[in-house]
Amino acid sequence: MSSGKRITLQQAAEIVKNGSSLTFSGFTIWRRPFALVYELIRQRRKGLHLIEVNGGPQTEFLVGAGCVDIWESCWVGHELYGKYGANLSRKVGNKEILVEDYSHAEMLFRFSAAASGAPYAVTQTSLGTDIHNPAYDTLGNAGLRDGRRIPLHKYRFTEDPFFGAGAQVMVPAAKVDVAILCVQQVGEEGTVRVNGQFYSDPEVARAADVTIVMAEEIVPEEYLRRDSDLNTITSFEVDHILEVPFGAHPTGMFGRYDVDGAFLKDFYGRTRTQEGFDDFAKEWIHGLDHLGYLEKLGWPKMLNLKANTALKYSTGVKRGQ
Amino acid sequence: MSSGKRITLQQAAEIVKNGSSLTFSGFTIWRRPFALVYELIRQRRKGLHLIEVNGGPQTEFLVGAGCVDIWESCWVGHELYGKYGANLSRKVGNKEILVEDYSHAEMLFRFSAAASGAPYAVTQTSLGTDIHNPAYDTLGNAGLRDGRRIPLHKYRFTEDPFFGAGAQVMVPAAKVDVAILCVQQVGEEGTVRVNGQFYSDPEVARAADVTIVMAEEIVPEEYLRRDSDLNTITSFEVDHILEVPFGAHPTGMFGRYDVDGAFLKDFYGRTRTQEGFDDFAKEWIHGLDHLGYLEKLGWPKMLNLKANTALKYSTGVKRGQ
Amino acid sequence: MNKEFAKPEEYGLADLLCCAASREVQDNEIVFAGTGLPMVAIMLAQKTHAPNLKLIFEAGTLDGRPPEIPTSVGDARCEMGASRSSGLHDAFSIAQRGYVDLGFLGGAEVDQYGNVNTTCIGDYLSPELRLTGSGGNPDINSFAKRTVFIMVHEKRRFTEQVSYITSPGWRVRNWPGGETVHRRELYGAAYRGGPSAVISTLGVFRFDEESGRIYLDTCHAGNTPEQIRDMCQFDLDISRVSGETLPPTREELHYIHEVLDPEQIFIPKVKPV
Amino acid sequence: MNKEFAKPEEYGLADLLCCAASREVQDNEIVFAGTGLPMVAIMLAQKTHAPNLKLIFEAGTLDGRPPEIPTSVGDARCEMGASRSSGLHDAFSIAQRGYVDLGFLGGAEVDQYGNVNTTCIGDYLSPELRLTGSGGNPDINSFAKRTVFIMVHEKRRFTEQVSYITSPGWRVRNWPGGETVHRRELYGAAYRGGPSAVISTLGVFRFDEESGRIYLDTCHAGNTPEQIRDMCQFDLDISRVSGETLPPTREELHYIHEVLDPEQIFIPKVKPV
């Protein structure tokens with residue numbers, strides 16, 4: 001059965017409007033929906049509000065390109081290939097972006113709450129840190145807390161009334177307009193099968209109002225439904241699907257291809273300045289489409305990144321370089 | 001690597017003390033740890049506090065045998081094979097048992113909270129029902145709310161401060177002493193692989209202080225770790241393991257064997273009275289061990305219940321009978 | 001296939017109820033199903049006018065397409081062809097998140113505001129009869145946009161006030177005080193609707209969303225509105241009756257008995273006279 | 001294998017740090033690991049004195065046994081041989097539930113109470129330099145029984161007061177007021193311990209649980225307590241120094257360079273002179 005969920009990369013990017021709030025699949029430098037991130041940059045999207053369980057190269061690309069007004073998360077960097085987010089850091093320094101800091105577990109619990117339709121979660125993490133410092137409520141200080149997309153408070157404190165467990169932090173549900181996922185397989189009706197760690201993909205898919213899934217392969221829905229206990233996200237939680245091979249590059253995809261560390265290192269090294277970013281974007285983003293990008297990367301590189309199907313990672317990549 | 005987690009059925013039952021709080025794997029008439037339930041009845045355990053996401057035949061057997069003082073859950077019956085819990089109903093009528101009612105989703109969220117180390121969850125389910133009637137706080141009325149195992153309140157009301165979502169019910173974490181699971185496969189070090197629906201097994205395993213896993217098969221740990229993304233419960237969440245083939249009978253196990261409806265119907269029909277229960281227990285529980293029980297059930301019945309490995313259910317069972 | 005209505009001698013009451021329930025489903029809806037007749041009704045809708053409905057089973061099967069009627073929501077048949085076999089946390093999270101359009105439920109007692117009891121008969125603290133308990137009844141009823149109850153019609157079951165509100169109707173209790181309020185006032189963001197119909201063995205009842213009161217919509221063949229009113233302890237509104245409950249079509253009967261429930265697990269076949 | 005200590009020329013500073021970190025792990029512990037040197041240290045412990053330790057990676061790998069050092073916790077190598085490959089919800093739920101004995105963390109700045117900063121240098125509202133942000137640093141530090149920090153030792157990093165408390169030490173802020181209190185007063189049921197050691201490029205530091213203050217435990221070869229005190233902005237307690245940090249053994253060096261990190265991704269090999 002065809003569900004009519006299939007769209008193009010260009011259509012997918014058009015679903016994200018100027019000012020939309022947005023989140024992604026993956027973890028740091030793994031399974032980030034890069035083909036669509038590039039397309040958003042090409043379409044010169046503005047005023048995005050990124051709400052991420054954790055950030056990564058996709059954050060740095062969108063921030064560097066000036067697409068982002070608000071970044072709400074806990075971490076950004078390129079792991080071994082760039083130890084912090086130089087573009088974000090530059091824009092923070094220039095006060096060109098608002099940053100709202102939570103801890104990693106807080107972000108996760110915020111998405112879990114949204115995914116289960118609860119307005120908030122209670123947790124004991126990060127008590128006593130400056131994450132809870134009332135003076136550091138960036139969105140509140142900017143007068144943006146409208147109680148709709150942006151909660152009325154960054155957090156609230158309470159006490160456990162049931163077991164005397166003590167102070168609790170209430171963290172608001174992370175509600176987002178659009179989630180963009182990048183996975184190994186999606187069925188024609190939207191069923192997603194993630195291989196390996198699924199990170200926080202199930203939560204972000206359900207927390208969003210619109211969920212777009214980019215997959216290495218669109219596979220017959222029947223194939224996935226033959227073993228329904230292996231699937232990760234339900235058909236009806238997915239609104240749009242598209243097939244984009246190598247769509248996570250330069251980030252990696254479990255079982256398919258490794259992180260392109262050299263590419264990330266080059267990005268990190270070249271984009272300390274806005275001029276550097278613009279130059280990088282001119283070379284690798286603007287004027288290309290996804291196939292043009294793959295052509296430019298070339299066969300030797302892509303074959304080298306390709307995972308060994310038994311080991312699930314590439315044996316050709318010289319790691320750490 | 002052997003982890004020394006393997007124990008016998010008798011040892012497993014001895015871990016559950018008089019007065020322990022207890023919960024189980026499964027859903028209604030599926031994957032209930034019956035071999036161990038029978039052993040608890042043989043060992044004449046007393047004063048148990050059952051905290052169950054939902055009840056089923058295991059509840060009825062333990063309650064009928066007089067093992068249970070407190071039942072905290074939302075539902076008991078045998079589905080198609082007995083539409084309510086006659087033993088529980090009888091003991092409620094005689095005031096021989098305390099029942100604390102929550103809704104099904106509330107019980108689930110209570111276990112989820114306990115499993116993630118949170119003291120409570122917030123939800124909007126069941127607002128306005130008598131589940132929240134303060135007069136119907138059974139454990140409170142009995143003066144049992146000590147704030148340790150039994151929370152100081154059955155529930156609390158609050159309002160969402162973040163999005164104006166309105167009234168919220170705070171439901172306390174479901175903390176239990178022992179969880180007994182009945183699954184298809186467990187590895188020597190405790191890794192569990194459930195096939196089919198996993199119900200609330202991951203939550204109850206983590207909510208409990210001690211987790212015992214009965215499996216159809218103990219398999220090499222390496223076998224399960226070859227595909228770590230197919231596993232359901234982590235090695236270190238499991239304290240004890242035991243291999244008990246057909247251990248869920250008369251309840252069913254996905255991919256292995258169907259529910260023994262005739263057996264449950266017989267139980268339901270015969271145990272409306274205490275005498276009836278005692279008679280049933282004399283026939284099917286006392287004086288038998290697990291292998292004796294299987295012998296008594298006999299090959300024709302067990303072969304008939306056995307699931308077709310392609311379909312995952314038995315094609316021999318005449319359903320509804 | 002033959003969409004003509006069947007003749008009275010060709011179907012039984014269970015067939016009529018099943019078809020009436022099936023017609024409550026619209027195509028593309030996400031439907032939360034319990035065991036038994038509701039499951040047959042939903043799968044009947046899937047075979048006829050709602051091929052794209054998505055079925056959720058409480059135990060954790062999402063977008064299920066069982067090849068045969070499961071005998072319980074934990075049944076291995078639920079898993080076959082489903083989008084996902086998962087667990088209760090997913091099922092209830094999806095429900096609370098607002099995905100569910102319609103839920104089918106049952107009950108031992110219902111009152112004029114659609115409050116339903118499945119917990120006990122008589123005083124909760126000293127009950128005459130302890131029943132099964134709530135199960136997911138209040139949860140589905142709290143989260144779905146619409147719920148439909150299928151019930152055996154006895155006068156004592158259509159009561160002025162249920163012994164225990166297990167599942168929330170249109171006018172519920174505002175605890176801890178306990179004053180009666182419209183559901184809308186209590187549910188806040190979770191307010192998406194409420195009980196939309198009761199299909200009893202005598203007729204089909206609906207609710208006025210504003211007053212929250214039940215009224216008779218259609219009578220099953222052979223029952224008059226007045227007779228049905230006499231079978232309720234409360235004063236049933238019969239001013240809005242729209243006619244007789246439509247009988248099953250031959251196509252529907254075919255699916256029920258030849259495809260969905262040939263073993264007559266839930267729906268007995270009417271024997272030719 | 002050869003458990004003799006290696007000679008100074010046989011190892012580098014990274015080797016020493018890695019071995020010191022490895023020795024913080026006890027057998028059978030559940031250890032939460034970040035990328036980099038901590039991961040080498042933990043896997044070294046697994047190969048030597050703690051064969052039964054259980055490794056958790058924040059991205060969702062539980063009881064991992066990677067055959068090679070992963071370059072990140074999202075790396076495909078994490079999955080191989082693990083008990084489960086799951087997600088963050090499981091990893092953080094397990095941590096909050098109290099399973100984690102030990103976490104290894106890093107930081108840009110640390111103060112005398114073990115508060116650590118990885119967020120920004122300078123005023124948060126107008127920072128001199130925005131860093132990576134918290135990541136899971138405060139979470140692991142909140143939930144684990146013990147945490148060990150591995151840090152480059154520069155005087156500006158061992159500061160009187162960190163610019164921003166990213167990760168909670170022994171004396172933290174009681175918000176919304178902001179008064180300084182002992183961690184024990186704030187964490188309630190979640191109080192299980194706190195930072196137990198800082199391993200810097202100069203020495204190993206520990207904490208007095210009652211006062212919450214840091215003190216010097218051992219100096220790495222070539223450093224005196226006084227020199228190390230001079231490298232702290234706060235007044236370092238050097239009254240409890242127990243001696244010199246033990247050097248790596250030949251066995252440990254073998255595992256680091258021949259087995260765990262032969263590609264020198266995290267730990268460079270000392271070249272023979």
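The sequence lines fix the lettering, A, B, ..., with proteins before strands; numbering per chain opens at 1. Worth knowing before you read on, the calculation uses all heavy atoms, side chains too, and leaves out hydrogens, waters and symmetry mates.
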Shortest non-hydrogen contact from [X] toward [Y]:
X: B:A105; Y: C:D139; value: N-OD2, 2.8 Å
X: B:Q124; Y: C:F143; value: C-CE2, 4.1 Å
X: C:W175; Y: B:P134; value: CE3-CD, 3.3 Å
X: B:W30; Y: C:S72; value: NE1-OG, 2.8 Å
X: B:T125; Y: C:P138; value: OG1-O, 4.0 Å
X: C:L125; Y: B:N141; value: CD2-ND2, 4.2 Å

Interatomic spacing from [atom1] in [X] to [atom2] in [Y] - rounded to 0.5 Å:
X: C:D75; Y: B:E79; atom1: CG; atom2: CD; answer: 9.0 Å
X: C:D123; Y: B:Y136; atom1: CG; atom2: OH; answer: 5.5 Å
X: C:F92; Y: B:S112; atom1: CZ; atom2: OG; answer: 10.5 Å
X: B:L108; Y: C:D90; atom1: CG; atom2: CG; answer: 9.5 Å
X: B:H104; Y: C:N137; atom1: NE2; atom2: CG; answer: 12.0 Å
X: C:Y124; Y: B:D101; atom1: OH; atom2: CG; answer: 3.5 Å

Most contacts with chain B, counted as non-hydrogen pairs under 4.5 angstrom, among [options]:
options: C:G188, C:G135, C:A190, C:G87; value: C:G135
options: C:S134, C:G133, C:S85; value: C:S134
options: C:L186, C:T166, C:V172, C:T132; value: C:T132
options: C:T61, C:N117, C:L131, C:N174; value: C:T61
options: C:R171, C:E128, C:R173; value: C:R173

Chain B heavy atoms under 4.5 Å from [X]: which part of the residue, side chain, backbone, both or neither?
X: C:N115; answer: neither
X: C:C120; answer: neither
X: C:Y191; answer: neither
X: C:T119; answer: side chain

*Would you say the side chain of C:M80 lies within less than 4.5 Å of the side chain of B:L311, judging by non-hydrogen atoms?*
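With C-beta onward as the side chain, the pair touches.
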*Quick one: does C:I165's side chain get under 4.5 Å of B:H132's, heavy atoms only?*
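C:I165 vs B:H132: side chains apart.
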Using atom types as modelled and distance alone, determine if a side-chain donor or acceptor of [X] lies under 3.5 Å from a backbone N or O of [Y].
X: C:S142; Y: B:S126; value: yes
X: B:Q197; Y: C:G60; value: yes
X: C:Y187; Y: B:L127; value: yes
X: B:S89; Y: C:R130; value: yes

Identify which part of [X] has an atom lying under 4.5 Å from any heavy atom of chain C, answering side chain, backbone, both or neither.
X: B:V53; value: side chain
X: B:S314; value: backbone
X: B:F198; value: both
X: B:A307; value: neither
X: B:D258; value: side chain
X: B:K83; value: backbone
X: B:E159; value: neither

Between [options], which shows the greatest number of heavy-atom pairs under 4.5 Å with chain C?
options: B:A167, B:G196, B:S200; value: B:G196
options: B:D160, B:N133, B:N54; value: B:N133
options: B:V92, B:N195, B:I29; value: B:V92
options: B:W75, B:F163, B:Y84; value: B:W75

*Pull out the residues in residues 94-108 of chain C that come under 4.5 Å of chain B, heavy atom to heavy atom, sorted by number.*
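Heavy-atom contacts from residues 94-108 of chain C to chain B are C:Q96.
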_Measuring centre to centre across the rings, with the benzene-like ring taken for any Trp, is B:F111 within less than 6.0 Å of C:H89?_
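Ring-ring flag for B:F111/C:H89: false, centres at least 6.0 Å apart.
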*How about C:K145: does its NZ atom have over 12 heavy atoms from other parts shown lying under 6.0 Å from it?*
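Buried by this count: over 12 neighbours within 6.0 Å.
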*Count the heavy atoms belonging to other residues, nucleotides or ligands that lie under 6.0 Å from CD of C:Q161, then report whether that count exceeds 12.*
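Atom CD in C:Q161 is not crowded, with 12 or fewer foreign heavy atoms closer than 6.0 Å.
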